[in-house]
Number of protein chains: 2
Amino acid sequence: MLPRRKNLVEEPPERCPLNECLSIIGGAWTPNIIWYLSEKPRRFSELKDDIPGISAKMLTARLKRLEADGVVERRVEPTSPPSVEYRLTALGGELKPAIDAIVSVGHRLKALNGEG
Amino acid sequence: MLPRRKNLVEEPPERCPLNECLSIIGGAWTPNIIWYLSEKPRRFSELKDDIPGISAKMLTARLKRLEADGVVERRVEPTSPPSVEYRLTALGGELKPAIDAIVSVGHRLKALNGEG
DNA sequence: TTTAGCGGTTACCAGTTGGTAACCAGAATG
DNA sequence: CATTCTGGTTACCAACTGGTAACCGCTAAA
């Protein structure tokens, strides 16, 4: 029998940053929303048009959550009909490198799955 | 009323790399498993001990999925009792920058939530 | 023969997620 | 007055997720 190695890792015991971050970007549609907002600010119905298949309910839910997390800012223009613009906050902008890294791996995964 | 901007984004229409990658690392416990395996190869029961709270069922499910995705390699040593070692593949190793980026954002999120 | 350890598998079940469809307020338009 | 537009909210419901607990085959040791 192989020697049993002991757990001597230094970092992620309980509420690790990985889970912290993934709980924000992990939900359905969330990455898409962040992606589009990272390009430029967008209005509610623009996001709804940009992201094919998303429902108003989910879009509302995700934007509310992202706003609560400090990732997205909601700005209401008092026009008529009112228009609401969403943009990434500074913190939201810091998600970009992570998103980019994920996208980069995603490309490789697609390439491999496409080959097979 | 604000002018209605048209969707002219270039990249992520359907099965975008973001969703492709997050479908791999998004499930419960998965980031933890990848984290531990990125440090060094580990055996089943080591992972089970390392990750507090995970059940054998979930660990099995995750490892199978990761193996099917080409992220993890399963290696059986014909000892007695048999020992099974899991390690990241080359592709799995490429997940590390993404994981690191996510961890880095997670730290900032924890800092902000800790302040509030 | 019984027990223990490894690496799982299986049945069952509760909670969460996300989908659809209907509905809402306020203001402008016909 | 009815309709349209934006930006949602709500009720309802099916599917998926993940948890618990019991069980399995194999080998070695007591």
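The sequence lines fix the lettering, A, B, ..., with proteins before strands; numbering per chain opens at 1.
- Taking every side-chain heavy atom of B:Lys64 into account, C:dT9 is the closest of C:dC6, D:dG18, C:dT9.
- Taking the side-chain contact (heavy atoms from CB on, under 4.5 Å) definition, one finds that B:Lys64 meets it with B:Thr60, sequence neighbours left out.
- When rounded to the nearest whole Å, the span between CZ of A:Phe44 and P of D:dT6 equals 11 Å.
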- Query: Once each nucleotide of nucleotides 20-30 of chain C is scored for protein heavy atoms under 4.0 Å, what B/S/- sequence comes out, 5' to 3'?
  - Reply: B------SS--
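- Whole-Å rounding puts the B:Glu85 CD to C:dG8 C1' distance at 17 Å.
- Side chain of A:Ser45 to main chain of A:Lys48: no donor-acceptor pair is present (N/O by atom type, distance under 3.5 Å, no hydrogens or angles).
- When each of A:Arg74 and B:Ile54 is assigned the nucleotide of DNA chain D with its nearest heavy atom, A:Arg74 is the one assigned upstream, toward the 5' end.
- Considering only residues two or more places apart in sequence or on other chains, B:Thr89 meets the side-chain contact (heavy atoms from CB on, under 4.5 Å) condition with B:Glu73, B:Leu91.
- In the set C:dG8, D:dG7, C:dG18, the nucleotide with an atom closest to the side chain of A:Ala28 is C:dG18.
- Side-chain N/O atoms of B:Arg43 include one lying less than 4.0 angstrom from OP1 or OP2 on C:dG7.
- Rounding to whole angstrom units, CG of residue A:Asp49 and P of D:dG8 are separated by 14 Å.
- Scanning for side-chain contact (heavy atoms from CB on, under 4.5 Å) contacts around A:Ser104 gives an empty result, with sequence neighbours left out.
- Rounded to whole Å, the distance from NZ on B:Lys48 to C1' on C:dG8 is 11 Å.
- Minimum atom distance to the side chain of B:Thr60 is reached by C:dG8, of the listed D:dG7, C:dG8, C:dT17.
- B:Arg75 has its CZ atom 15 Å from the P atom of C:dG7, to the nearest Å.
- One atom, CG of A:Asn32, and another, C1' of C:dG18, lie 14 Å apart when rounded to the nearest Å.
- No side-chain donor-acceptor contact under 3.5 Å links A:Arg42 and A:Tyr86.
- Comparing B:Tyr86 and A:Gly27 against DNA chain C, the residue whose closest nucleotide sits nearer the 5' end is B:Tyr86.
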Could you give the side-chain donor-acceptor pairs of residues 21-31 of chain B under 3.5 Å, partners two or more places apart or in another chain?
| residue | atom | partner | partner atom | Å |
| --- | --- | --- | --- | --- |
| B:Ser23 | OG | B:Glu20 | O | 2.8 |
| B:Thr30 | OG1 | B:Gly27 | O | 3.1 |
| B:Thr30 | OG1 | B:Arg62 | NE | 3.4 |

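- Remark: C1' of D:dG18 and CZ of B:Arg62 are 8 Å apart, rounded to the nearest angstrom.
- By the salt bridge (Lys or Arg N to Asp or Glu O under 4.0 Å) test, A:Glu67 pairs with no residue at all, sequence neighbours left out.
- Here the P atom of nucleotide C:dG8 and the CG atom of B:Leu63 are 8 Å apart, to the nearest Å.
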